[in-house]
Amino acid sequence: MKAMIFAAGLGTRLRPLTDNMPKALVPVAGKPMLERVIARLKEAGFNEIIINVHHFGEQIIDFLHAHADFGVNIHISDERDMLLDTGGGIKKARSFLDGDEPFLVHNADILTDIDLSAFYQHHLESNAEATLLVSQRETSRYLLFDPAYNLHGWINKSTGEVKPENFSYRKGDYKELAFGGIHVISPSLFRYMENSPWEGKFSIIPFYLSVCRQTHIQGYPLQDFRWFDIGKPETLKRAEEYYTQ
């Protein structure tokens, strides 16, 4: 089973912690967040992992070597020349991720106790080409799903902007859920990335919104599990408290 970890981010929200180290190596209760994510993936059965690097990328490579890749097969997608964002990062790693089986994508700055193998199995048992972890939480930007958790659109509540183009939003018609930074993708979805604007640097969410009318993109609601976006100081503090209990 294959997975990808996004570890290339600049970590600007965590400065000054990230002035001299990559965000993925910031410790959470004594262990770098990257180590915690690798352990969770390994526990769920993922034995082939690709990690993208950019900001202080050599520190991540040295860290992995020093720990013998934590007993899994780890590959590096080197973005030190150019940070490609989430969609561009996945596309750059296509040669590794392509094949017959879906792959899981996990942000390094997301920690959760969700059952990742059950999440992956849910995708396998559906006809979706992508399954996104989503939750009900306060934010300004929401993905919009029908009652069966099929993705239809996106809204920025602060500005009123909606996607995709010509999407008609009416309050109450859709479940408004926030993306949780973990998703499962079937390699067949790469066929939609072969044309512009999906070249070089691009985000995966606009890509999903551009294809959700042509294929099945589904949500997987987070229920009764812990979830932390530790890319922010206040949530890093909460995660520290939880993991030191």
Side-chain angles (χ1 to χ4, degrees), residues 3-41 43 49 51-64 66-67 70 77 79-80 82-90 104-114 116 119 132-143 154-159 161 176-183 201 203-206 221-245:
M4 179 171 190
I5 301 174
F6 287 138
L10 298 174
T12 52
R13 296 177 299 171
L14 284 179
R15 286 178 177 159
L17 287 174
T18 51
D19 284 344
N20 299 296
M21 73 165 71
K23 176 173 64 174
L25 294 187
V26 169
V28 181
K31 281 187 186 174
M33 58 178 80
L34 179 61
E35 181 178 347
R36 290 188 178 276
V37 172
I38 291 171
R40 295 274 291 121
L41 290 171
E43 181 184 274
I49 301 173
I51 301 173
N52 71 343
V53 298
H54 175 77
H55 181 61
F56 293 118
E58 66 286 348
Q59 289 189 31
I60 291 175
I61 294 167
D62 291 345
F63 173 76
L64 294 167
H67 292 84
F70 296 96
S77 183
E79 296 181 23
R80 281 178 287 185
M82 180 183 179
L83 188 59
L84 295 172
D85 208 336
T86 50
I90 291 169
L104 185 143
V105 180
H106 198 304
N107 288 13
D109 60 2
I110 297 297
L111 291 182
T112 176
D113 57 2
I114 186 176
L116 292 174
F119 175 50
L132 284 59
L133 181 68
V134 292
S135 64
Q136 289 185 318
R137 56 187 168 86
E138 284 296 318
T139 182
S140 59
R141 295 169 293 184
Y142 291 97
L143 294 171
W154 171 93
I155 187 167
N156 183 328
K157 287 295 189 75
S158 299
T159 64
E161 180 188 7
E176 300 177 359
L177 300 168
F179 179 48
I182 307 174
H183 32 151
K201 180 178 180 177
S203 172
I204 196 65
I205 294 298
L222 179 72
Q223 296 173 329
D224 302 321
F225 290 100
R226 296 276 184 174
W227 181 94
F228 300 98
D229 171 6
I230 50 178
K232 298 181 287 188
E234 59 272 21
T235 42
L236 175 60
K237 184 170 184 277
R238 287 203 295 271
E240 285 266 2
E241 292 165 355
Y242 174 72
Y243 284 101
T244 51
Q245 288 176 2

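Everything numeric in this text was worked out from a predicted model, so none of it was measured.
Of the inter-residue distances, the one linking I114 atom CD1 with L133 atom CG reads 4.5 Å to the nearest 0.5 angstrom. Taking CG of D109 as the reference point, atom CD1 of I5 lies at 11.5 Å (rounded to 0.5 Å). Taken from CD in Q59 to CG in L64, the straight-line distance is 12.0 Å, to the nearest 0.5 Å. Atom CD of E240 is separated from atom CZ of F228 by 10.5 Å, given to the nearest 0.5 angstrom. Atom-to-atom distance recorded for L132:CG and L222:CG is 13.0 Å, nearest 0.5 angstrom. The CG atom of L111 sits 10.0 Å away from the OH atom of Y242 when rounded to the nearest 0.5 Å.
Considering all non-hydrogen atoms of both residues, K201 and L83 come closest at CD-O, 3.4 Å. Between G180 and W227, the shortest heavy-atom contact is O-NE1, 3.0 Å. For the residue pair M33 and L14, the shortest heavy atom distance occurs at CE-CD1, 4.3 Å. Shortest non-hydrogen contact noted between A178 and Y142 is N-CD2, 4.2 Å. Closest heavy-atom contact between F56 and D19: CZ-O, 3.3 Å. The minimum heavy-atom distance between T86 and F6, with the atom names listed, is O-CZ, 3.4 Å.
By the salt bridge (Lys or Arg N to Asp or Glu O under 4.0 Å) test, K157 pairs with E176, sequence neighbours left out. A search for salt bridge (Lys or Arg N to Asp or Glu O under 4.0 Å) contacts involving E79 returns nothing, not counting sequence neighbours. Among residues two or more places apart in sequence or in another chain, the salt bridge (Lys or Arg N to Asp or Glu O under 4.0 Å) test is passed with K237 by E241. Listed by chain and number, the residues in a salt bridge (Lys or Arg N to Asp or Glu O under 4.0 Å) with R141 amount to none (sequence neighbours excluded). The side chain to side chain contact (heavy atoms under 4.5 Å, CB included) test applied to A24 returns A7, L34, I60, A108, not counting sequence neighbours.
In this structure, R36 and I230 have side chains that are not in contact, with every pair of non-hydrogen atoms separated by 4.5 Å or more. At least one side-chain heavy atom of E161 sits less than 4.5 Å from a side-chain heavy atom of W154. Two residues are said to be in side-chain contact when any heavy atoms from C-beta on lie closer than 4.5 Å; M4 and L104 fail this criterion. Taking the side chain as every heavy atom from C-beta outward, N52 and L84 never approach each other to under 4.5 Å.
Between the side chain of T112 and the backbone N or O of R226 there is at least one donor-acceptor pair closer than 3.5 Å. With hydrogens and angles disregarded, a donor-acceptor distance shorter than 3.5 Å links the side chain of T235 to the backbone of D229. At least one donor-acceptor pair under 3.5 Å links the side chain of H55 to the backbone N or O of T18. Under the 3.5 Å distance criterion, the side-chain polar atoms of E43 are left unmatched by any main-chain donor or acceptor of L116.
Taking the six-membered ring where the residue is Trp, H183 and F179 present perpendicular rings, their angle passing 60° and hence far from 30°.
For residues 4-16, there are no side-chain hydrogen bond (donor to acceptor under 3.5 Å, both in side chains) pairs, not counting sequence neighbours.
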